[in-house]
Amino acid sequence: MPYRDVVAATAAIGALTRGSRHRDAVTLFSRVLSDGIPPNEFTFGTVLRSATALRDLRVGTQLHACVAKFGLCSNVFVGSALVDHYAKMGAMAEAQSALGDTHEPNVVSYTALIAGFLKNGMFDDAHRLFQCMPERNVVSWNAMIGGCSQAGLNEEAVGLFLEMCRQGVRPNDSTFPCVLTSVANAGALGVGRSVHASAIKLLGKLDVYIGNSLVSCYARCGSLEDSVLAFRKMKQKNLVTWNALICGYAQNGRGQEALGAYETMRAMGLKADNVTLLGLLFGCNHAGLVDEGYSLFKTAQLEQAGILKPEHYACVVDLLSRANRFDDAKRFLQELPFEPGIGFWKSMIGGCQIHWNKDLAESVAERIQALDPKDTSSYILLSNVYSAAGSWQSVSMIRRQIKEKGLKRITGCSWIEVQNDVHVFFNGDSRHSQCDEIYMMLESCLGTEEDEHCLV
DNA sequence: CTAGGGTTAG
């Protein structure tokens with residue numbers, strides 16, 4: 001039974017799109033076409049959304065050709081939908097060209113393109129377009145801030161947030177989760193508190209997204225007190241809220257509390273998902289709760305195997321290796337339902353370093369170097385195992401190899417924020433103005449057990 | 001009848 005007109009047909013396709021029946025929406029669209037009903041801008045808008053949800057660039061391209069056939073390429077609405085589709089598929093050249101075909105592109109068209117640039121790591125293009133677009137609204141600012149956050153451009157994201165406020169654009173509910181992610185990435189506790197305060201001032205009530213971001217942000221900035229406070233203050237909580245709390249405990253080495261939170265969560269009738277499990281395993285790992293972690297994994301394997309991902313398996317390898325249970329770790333690796341990537345072997349060699357397991361470290365290092373000859377970390381870790389075991393000849397041999405192969409070490413660093421100043425430290429750093437006091441304090445904290453021969 | 005931006009892990 002063909003539809004009466006394009007309005008009825010579009011309504012039917014839209015219902016399918018909204019109901020997430022995207023394949024059906026596309027099929028219905030083709031049927032409407034073959035029934036001889038010419039689609040309009042709304043029809044294309046909704047069916048393009050389904051094509052995006054299906055992540056099917058082929059469908060998008062066919063729809064684009066169809067748009068051209070009906071002379072709708074210059075329509076703003078259709079144009080924006082095309083830009084959005086291509087941008088989400090990562091086809092940035094096509095997205096740009098769709099914007100170019102649009103007669104008078106508006107703020108929506110530009111924002112869709114900017115979001116696409118950021119998702120595809122093209123920060124400079126995004127920034128340039130953001131600067132020169134004719135009009136910016138809160139959504140465009142959010143797209144920039146969120147895109148920077150996701151790309152790890154944390155200073156840029158926080159800077160954009162401040163600039164937005166300075167220009168008098170009022171942040172909304174979506175702005176805060178974006179910027180708080182960056183604050184958390186940077187571990188900037190003071191900035192986090194200011195952002196929190198401005199959210200309360202501007203919005204009054206904080207929704208569950210903002211609450212979740214705060215719980216996580218405070219924990220990742222090292223303030224579990226603030227994190228738990230934010231958690232308790234939330235009226236509505238969802239699985240993400242619990243995950244944020246559990247992961248926060250885990251990251252701060254509080255495995256027992258993570259497990260406790262999980263108990264409470266289950267008592268409230270919530271089921272763990274992959275993030276919950278990862279947080280729990282991570283927490284057990286860092287608190288030395290080997291048996292607890294292993295049994296959580298085993299239970300998940302039996303009861304909800306669907307949530308298990310390579311990360312979870314990697315966590316278990318880490319757990320067993322750190323606990324000196326190398327036989328269990330090896331058996332576990334052999335029984336993996338997939339090929340272990342390089343990270344699995346790195347977990348194991350990390351355990352070898354802790355437990356001075358020279359022989360195993362050698363064979364694992366060989367594997368890592370076979371998988372990635374440029375990998376420096378295996379050399380460093382191996383050399384640390386040798387120095388721990390007192391094999392100085394082997395240490396100098398490794399150092400020579402690193403030099404000969406022209407491998408570069410990426411130096412790790414850490415930082416801490418004190419009253420809005422960020423202090424960064426590298427290994428063996430002596431540049432800080434209070435260097436002497438810091439090393440003195442370190443020595444008194446560490447006692448005399450410190451191994452000076454370690455490279456990392 | 002409609003579009004673009006949001007939370008948790010690594």
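Basis for what follows: all heavy atoms, side chains included, without hydrogens, waters or symmetry-related copies. All chains are named by letter (A, B, ...) in the order of the sequence lines, taking the proteins before the strands, and each is independently numbered beginning at 1.
Nearest nucleotide to the side chain of A:Thr181, out of B:dG5, B:dT7, B:dA9: B:dT7. Among the nucleotides B:dA9, B:dG6, B:dC1, the one closest to any side-chain atom of A:Val7 is B:dC1. Distance from the side chain of A:Asn106 is smallest to B:dA3 among B:dT8, B:dA3, B:dT7. Of the candidates B:dA9, B:dG4, B:dT2, B:dA9 carries the atom nearest the A:Arg220 side chain, counting heavy atoms from C-beta on. Closest approach to the A:Ser140 side chain among B:dA9, B:dT7, B:dG4 is made by B:dG4 (side chain taken as heavy atoms from C-beta onward). Distances were taken from every side-chain heavy atom of A:Arg49 (C-beta onward) to each of B:dA9, B:dT7, B:dG4; the shortest belongs to B:dG4. Comparing B:dG6, B:dT2, B:dT8 against the side chain of A:Ser216 picks out B:dT8 as the nearest. Comparing atom distances between the A:Phe42 side chain and each of B:dT7, B:dG4, B:dT2 picks out B:dT2 as nearest. Considering only side-chain atoms of A:Ala143, the nucleotide from B:dT7, B:dG5, B:dG10 that sits closest is B:dG5.
Counting non-hydrogen atoms under 4.0 angstrom, A:Ser213 reaches the backbone sugars and phosphates but no base. Among the atoms of the strands shown, none is found under 4.0 Å from any heavy atom of A:Val83. Counting non-hydrogen atoms under 4.0 angstrom, A:Lys309 reaches nothing in the nucleic acid. Backbone-only contact: A:Phe282 has heavy atoms under 4.0 Å from sugar-phosphate atoms and none from a base. Looking at heavy-atom distances under 4.0 Å, A:Ile145 makes no contact with the nucleic acid at all. Within the nucleic acid shown, A:Asp173 comes within 4.0 Å of at least one base atom, counting heavy atoms only.
Going from atom CG of A:Leu99 over to atom C1' of B:dA3 covers 14 Å, rounded to whole Å. Atom-to-atom, NE2 of A:His103 to P of B:dA3 comes out at 22 Å; the value is rounded to the nearest Å. For the pair A:Arg170 CZ and B:dG5 P, the computed distance is 23 Å after rounding to whole Å. One interatomic measurement links the two molecules: CG of A:Asp84 to C1' of B:dA3, which rounds to 8 Å at whole-angstrom precision. Counting to the nearest Å, the P atom of B:dG10 and the CG atom of A:Asp318 are 12 Å from each other. Rounded to whole Å, the distance from CG on A:Leu278 to P on B:dT8 is 14 Å. Atom P of nucleotide B:dT8 and atom OH of A:Tyr262 are separated by 21 Å, given to the nearest angstrom. At whole-Å resolution of the value, CE in A:Met144 and C1' in B:dG4 are 14 Å apart.
Taking the six-membered ring where the residue is Trp, A:Phe297 and A:Tyr294 present parallel rings, their angle staying beneath 30° rather than reaching 60°. Using cut-offs of 30° and 60° for the angle between ring planes, the A:Phe44 and A:Phe29 rings count as tilted.
Taking side-chain N and O atoms only, A:Gln251 has a distance below 4.0 Å to OP1 or OP2 of B:dG10. OP1 or OP2 of B:dT8 has not a single side-chain nitrogen or oxygen of A:Lys237 nearer than 4.0 Å. Listed pair A:Gln236 / B:dT7 fails the phosphate criterion, with no side-chain N or O lying under 4.0 Å from OP1 or OP2.
In the interface, the side chain of A:Asn142 is not paired with the base of B:dG4 through any donor and acceptor atom under 3.5 Å apart. Applying the 3.5 Å distance criterion, the base of B:dA9 shares no donor-acceptor pair with the side chain of A:Asn274. Remark: the A:Asn172 side chain and the B:dG5 base include a donor-acceptor N/O pair separated by less than 3.5 Å.
The ring of A:Phe161 has its center no closer than 6.0 angstrom to the ring center of A:Trp141. The ring of A:Tyr209 has its center no closer than 6.0 angstrom to the ring center of A:Phe176.
Under the 3.5 Å distance criterion, with hydrogens and angles disregarded, a donor-acceptor pair is assigned to the side chains of A:Thr46 and A:Thr17.
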Inset, instruction - Would you check, one step at a time, whether the test salt bridge (Lys or Arg N to Asp or Glu O under 4.0 Å) holds for A:Asp124 with A:Arg128? - result: CA-CA 6 Å; A:Asp124 293 336; A:Arg128 199 170 338 107; over 6 Å; no
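Without hydrogens or angle criteria, A:Ser109 side chain to A:Leu99 main chain gives no donor-acceptor distance under 3.5 Å.
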